[in-house]
Amino acid sequence: AQSVTQLGSHVSVSEGALVLLRCNYSSSVPPYLFWYVQYPNQGLQLLLKYTSAATLVKGINGFEAEFKKSETSFHLTKPSAHMSDAAEYFCAVRGHNGFGNEKLTFGTGTRLTIIP
Amino acid sequence: ETGVTQSPTHLIKTRGQQVTLRCSSQSGHNTVSWYQQALGQGPQFIFQYYREEENGRGNFPPRFSGLQFPNYSSELNVNALELDDSALYLCASSSGDKIPQNTQYFGPGTRLTVL
């Protein structure tokens with residue numbers, strides 16, 4: 001079974017400051033990990049994914065995440081926050097059995113607020 | 001390339017009624033997964049359809065049922081609606097043909113309110 005824990009349900013940063021959203025995972029098999037963003041009243045948009053290739057993954061909108069097996073973490077970062085980054089962010093984990101269609105298990109989300 | 005679409009966008013029902021939500025998968029995708037997102041929560045997996053067959057189910061009662069059509073579009077049906085069924089229902093499509101790295105792409109969701 002897989003699970004993820006997102007530390008901090010709300011994070012506030014100043015515009016131009018570093019964004020750090022935390023995600024720790026638990027998985028009995030090597031995981032695939034994802035970060036999705038959700039803007040108000042919208043669906044989920046994929047930011048980036050880790051699929052056992054490079055441990056540092058670059059995504060859209062300047063976001064990146066680093067897979068650290070020793071820490072079971074997959075934290076999301078962005079060097080300089082922009083007002084348009086204000087949204088809800090979800091970390092998700094998926095096992096893999098070679099078929100690639102396993103369910104996603106999501107964390108409870110982190111609401112990011114950007115202070116002007 | 002057309003993305004994942006869902007209809008309707010909003011729906012209001014009363015307790016005990018039945019509802020059908022629809023999803024059109026992204027071009028080239030044969031797998032559809034449904035998720036329920038209650039207010040302030042992360043999405044919860046309901047079930048998945050792969051090539052018209054149910055391919056996994058989460059912890060939801062049998063009154064949640066689904067269907068996938070030959071064109072890979074899908075329906076989610078909920079019978080005997082309860083107040084707790086009020087949520088955003090998300091559909092995601094992916095290519096399930098033994099591609100471990102595949103990604104689920106989400107539609108905009110259907111907001112269901114049960115009164």
Side-chain angles (χ1 to χ4, degrees), chain A residues 1-10 21 23-25 27 29-54 57 59-60 67 87-111, chain B residues 3-7 9-10 21 23-26 29-51 53-60 68 72 87-111:
Chain A
Q2 291 84 34
S3 66
V4 292
T5 301
Q6 292 185 242
L7 299 176
S9 58
H10 292 85
L21 305 182
C23 174
N24 288 88
Y25 71 89
S27 178
V29 298
Y32 289 141
L33 293 159
F34 304 79
W35 276 99
Y36 285 87
V37 61
Q38 186 175 39
Y39 297 100
N41 300 313
Q42 293 189 27
L44 301 178
Q45 180 183 7
L46 179 69
L47 275 177
L48 49 80
K49 63 180 180 181
Y50 167 76
T51 57
S52 73
V57 181
I60 62 171
F67 174 74
E88 188 91 18
Y89 292 79
F90 292 95
C91 180
V93 64
R94 194 193 84 208
H96 59 98
N97 60 10
F99 291 91
N101 54 3
E102 300 82 357
K103 68 175 184 178
L104 289 171
T105 299
F106 286 87
T108 51
T110 297
R111 181 170 300 276
Chain B
V4 180
T5 60
Q6 293 186 243
S7 62
T9 51
H10 294 87
L21 311 181
C23 171
S24 291
S25 58
Q26 187 169 310
H29 287 179
N30 55 24
T31 300
V32 171
S33 304
W34 286 92
Y35 294 82
Q36 180 196 66
Q37 185 180 17
L39 200 61
Q41 308 274 336
Q44 298 288 318
F45 175 73
I46 303 175
F47 46 54
Q48 181 184 87
Y49 280 84
Y50 170 65
R51 294 186 178 276
E53 297 286 334
E54 188 177 290
N55 183 48
R57 187 179 183 92
N59 189 26
F60 281 81
Q68 188 177 34
Y72 303 128
L88 181 67
Y89 288 84
L90 295 164
C91 163
S93 78
S94 56
S95 173
D97 289 329
K98 299 185 179 182
I99 306 174
Q101 295 84 2
N102 82 57
T103 299
Q104 294 187 19
Y105 294 93
F106 284 80
T110 293
R111 173 74 61 189

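Note that the coordinates shown come from a computational prediction; the quantities given were computed from them, not determined experimentally. Proteins get letters first, then strands, A, B, ... in listed order; numbering begins at 1 in each.
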Query raised in the report: Is chain A contacted by the side chain of B/Gln37, its backbone, both, or neither, given a heavy-atom distance below 4.5 Å?
Result: side chain
Query raised in the report: Given that the side chain runs from C-beta out, which part of B/Tyr35 has a heavy atom under 4.5 Å from chain A: side chain, backbone, both or neither?
Result: side chain
Query raised in the report: Where does A/Gln45 contact chain B at under 4.5 Å (heavy atoms): side chain, backbone, both or neither?
Result: neither
Report task. Mind checking ring pair (Phe, Tyr, Trp, His ring centres under 6.0 Å) for B/Tyr89 and listing every partner two or more places apart, or none if nothing turns up? Result -> none
Query raised in the report: Hey, what do you get for CD (A/Gln42) to CG (B/Leu88), rounding to the nearest 0.5 Å?
Result: 11.0 Å
Query raised in the report: Rounded to the nearest 0.5 Å, how far apart are OG1 of A/Thr105 and CZ of B/Phe45?
Result: 9.0 Å
**Report entry** chain B contact via A/Leu104 - which portion, at a heavy-atom distance below 4.5 Å
**Finding:** both
Requested in this report: For B/Leu39, look at atom CG and say whether over 12 heavy atoms of other residues, nucleotides or ligands are found less than 6.0 Å away.
Outcome: no
Requested in this report: Please round to the nearest 0.5 Å and tell me the distance separating atom CG of B/Leu90 and atom CZ of A/Phe106.
Outcome: 8.0 Å
Query raised in the report: Which pair of heavy atoms, one from A/Leu44 and one from B/Phe106, lies closest together, and at what distance?
Result: O-CB, 3.4 Å
